[in-house]
Amino acid sequence: MRYQRPKGTADILPGDSEKWQYVEKTAREVFKTYQFKEIRTPMFENFEVFSRSAGDTSDIVTKEMYDFHDKGDRHVTLRPEGTAGVVRAFVENKLYGPQVLKPYKVYYMGPMFRYERPQSGRLREFHQLGVEAFGSESAALDVEVIAMGFNLLKKFGLNDLKLVINTLGDQQTRDDYRQALIDYLEPHFEELSDDSRARLHKNPLRVLDSKAPEDQKFVADAPSILDYLTPEAKAHFEEAKELLTALDIPFEIDANMVRGLDYYNHTIFEIMTNSKSLGQGYTTICAGGRYNGLVKELGGPETSGVGFGLGVERLLVLMDAESIEFPVDNDLDVYVVGIGDAANATTLKLAQAVRGAGLTAERDYLNRKPKAQFKSADRLNARYTMTVGDSEIENGVVNVKSMATGEETQVKMADIFADVKKVLRAN
RNA sequence: GCGGUAUUGGCGAAGUGGUUAACGCACCGGAUUGUGGCUCCGGCACGCGUGGGUUCGAUUCCCACAUACCGCCCCA
């Protein structure tokens, strides 16, 4: 094997590509019903677009970005996620302007890149579907986005789903809670894990997310952010919960759910599944939330946004594990069997006539014998075969066979050229 | 970036330090001189991920590298 694909990339071959098309098509249909429109942004952006949005500390920027300097010495990054590019486009195209209807609702789907160690469902080039809605603070929009993600997954046939929500409140809430958390954890500083010690002052919320056993016991009794919500933040969260209830969407609250990035606030959510295919216990398949700081961070006016992202590879792993059937049509209407060199042109013309009528047609290109051609026709699930050889050409006829019944009848070639569908209906 | 496991034909998969690397599927051909799904017969590994090393001799032992998978880190 001389060449192999780059580490962490995948070839999506026919057989799988149909599944991708189904997922993408379904997503487009669902998004359309919510009046989200597609946005397509570049696969790479200036490094700063992502380093700013991710808050250039963290491993994310230093370790996981696929960045490089191009021939013009521009520092660019293959997009690691969808939101930052969409926000950049929102700002650059001045979509915050008064003439643009709000909320501004878009979705995207496409490849993303992260320089990390590949595992099942986690590649260096992977794909996400995502949505963003800008310009409304309404909790109804939070809930609409959540409901859309939830319904999309249900549409895919997934049922063992759990919606978990939390709120990060507003800036005041975050400041207050951050301090409370530091005050609580500080006395136990020496007992915390290395990671958590490092994070305590940089991003104390992340300590809540720690999987280290030594941290767990402190996390269990840590103060809850829900006790630090300002009246406004509390009202927003209450409204979101009420609206979810009104839509009969069951949810759990996990006060320890956090986001690594600073720009998130108010409602955050994850849709989780218990499927073992993605790991032990509940794992997240779709995650999102509200973010207020990001538009401003990227140079726009203070504008709120809310959205979610969903990993397509993980979704497909999940759907396969749940034995979900993909509606794919691999049917072939007509296989044209040509016998002998003289039939070559006629075979082609017949195939073209079938295609011209909007049906699917295939033929042999390897000069194989009739038996082999019929075998192929069977393999391809052909509904009909049309057979032509020297005698048929001479008499201007074609043998049309229904593969299901095995019945074969002779029809005039001219009839096929005149109206293929009519001929097939009669057989 | 760290650790573990794996790598045999198009696919799945046995196997051994030593003259011919099982078997199954798929594919190709024949039995059926122009007709499928069944059956029978036959064919199908420039050789066991790549590169070194040990050895009289390695696909089988050792080392490095690559890739995949699992866990850690991370998960915007």
Side-chain angles (χ1 to χ4, degrees), chain A residues 1-10 13 15 45 49-65 77 79-87 112-124 126 128 130 193-195 198-199 203 206 209-212 258-264 268 270 278-280 283-285 287-289 291 294 297 307-309 311 314 317 332 335-340 342-343 364 366 368-392 399-408:
Chain A
M1 291 281 178
R2 204 57 229 284
Y3 296 106
Q4 36 186 194
R5 57 185 185 269
K7 186 188 183 88
T9 61
L13 307 175
E45 299 274 356
V49 171
F50 298 111
S51 63
R52 282 303 281 279
S53 67
D56 52 37
T57 50
S58 68
D59 287 356
I60 288 170
V61 172
T62 57
K63 196 167 114 184
E64 307 217 357
M65 278 198 193
T77 302
R79 63 182 184 192
E81 52 98 24
T83 303
V86 171
V87 171
M112 309 287 165
F113 305 83
R114 294 184 193 180
Y115 192 89
E116 62 183 351
R117 193 71 172 263
Q119 284 178 35
S120 169
R122 277 181 78 169
L123 298 172
R124 287 186 172 180
F126 62 106
Q128 278 192 348
S193 67
D194 293 346
D195 284 335
R199 285 176 184 138
N203 191 349
R206 291 280 286 106
D209 210 24
S210 171
K211 285 171 220 130
V258 301
R259 285 287 121 95
L261 304 183
D262 292 338
Y263 56 73
Y264 280 100
I268 59 173
E270 297 185 7
L278 297 182
Q280 287 302 309
T283 50
T284 301
I285 178 69
Y291 47 87
L294 194 50
E297 185 69 39
F308 70 70
R314 283 171 65 81
V317 165
L332 174 63
Y335 189 99
V336 184
V337 176
I339 302 168
D364 173 72
L366 301 171
R368 293 184 305 158
K369 299 185 171 179
K371 181 189 167 81
Q373 295 191 42
F374 273 91
K375 214 167 171 180
S376 295
D378 191 54
R379 243 345 223 349
L380 295 169
N381 264 320
R383 272 191 277 279
Y384 297 95
T385 52
M386 290 182 182
T387 307
V388 285
D390 294 345
S391 65
E392 286 81 5
N399 293 322
V400 176
K401 178 174 179 178
S402 160
M403 293 298 274
T405 65
E407 272 177 56
E408 191 168 40

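Not measured: the values here are computed from a predicted model. Quick note on labels: first sequence line is chain A, next is B, and so on, each numbered from 1.
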Salt bridge (charged side-chain N to carboxylate O under 4.0 Å, His left out) with [X]: which residues, sequence neighbours excluded?
X         : value
Arg379(A) : none
Arg383(A) : Asp331(A), Asp333(A)
Glu270(A) : Arg259(A)
Asp195(A) : none

**Intra- and interstrand pairs of RNA chain B - dot-bracket, Watson-Crick/G-U under 3.5 Å, | marks other strand** = ((((((((.[[[..)..(....]]].(((((.......))))).....[[[[[..)....]]]]])))))))....

Residues that [X] engages under side chain to side chain donor-acceptor pair (under 3.5 Å), provided they are two or more places apart:
X         : result
Thr83(A)  : Glu81(A), Glu132(A)
Asn203(A) : none
Ser210(A) : Asp215(A)

Every protein N/O lying under 3.5 Å from an N/O of nucleotides 6-8 of chain B:
none

**Item:** Proximity to the side chain of Lys7(A) - top-ranked nucleotide from C70(B), C75(B), U67(B)
**Value:** U67(B)

**Fill in**
Those residues at least two apart in sequence (or on a different chain) that pass side chain to side chain contact (heavy atoms under 4.5 Å, CB included) with Asp390(A) are Ala342(A)

**Prompt:** Would you call Lys375(A) and Asp378(A) a salt bridge, using N to O less than 4.0 angstrom?
**Reply:** no

**Asked** Any side-chain N or O of Gln119(A) under 4.0 Å from OP1/OP2 of G71(B)?
**Response** yes

**Prompt:** Would you say Arg122(A) reaches C72(B)'s phosphate, i.e. side-chain N/O to OP1/OP2 under 4.0 Å?
**Reply:** no

Show which side-chain atoms of residues 112-121 of chain A pair as donor or acceptor with protein atoms under 3.5 Å away, not counting sequence neighbours.
from, atom 1, to, atom 2, distance (Å)
Arg114(A), NE, Pro80(A), O, 2.9
Arg114(A), NH2, Pro80(A), O, 3.1
Glu116(A), OE1, Arg122(A), NH2, 3.0

**Letter per nucleotide, 5' to 3', of nucleotides 25-41 of chain B [B base touched, S only sugar-phosphate touched, - untouched; heavy atoms, 4.0 Å]** = -SSS-SB--BBBS----

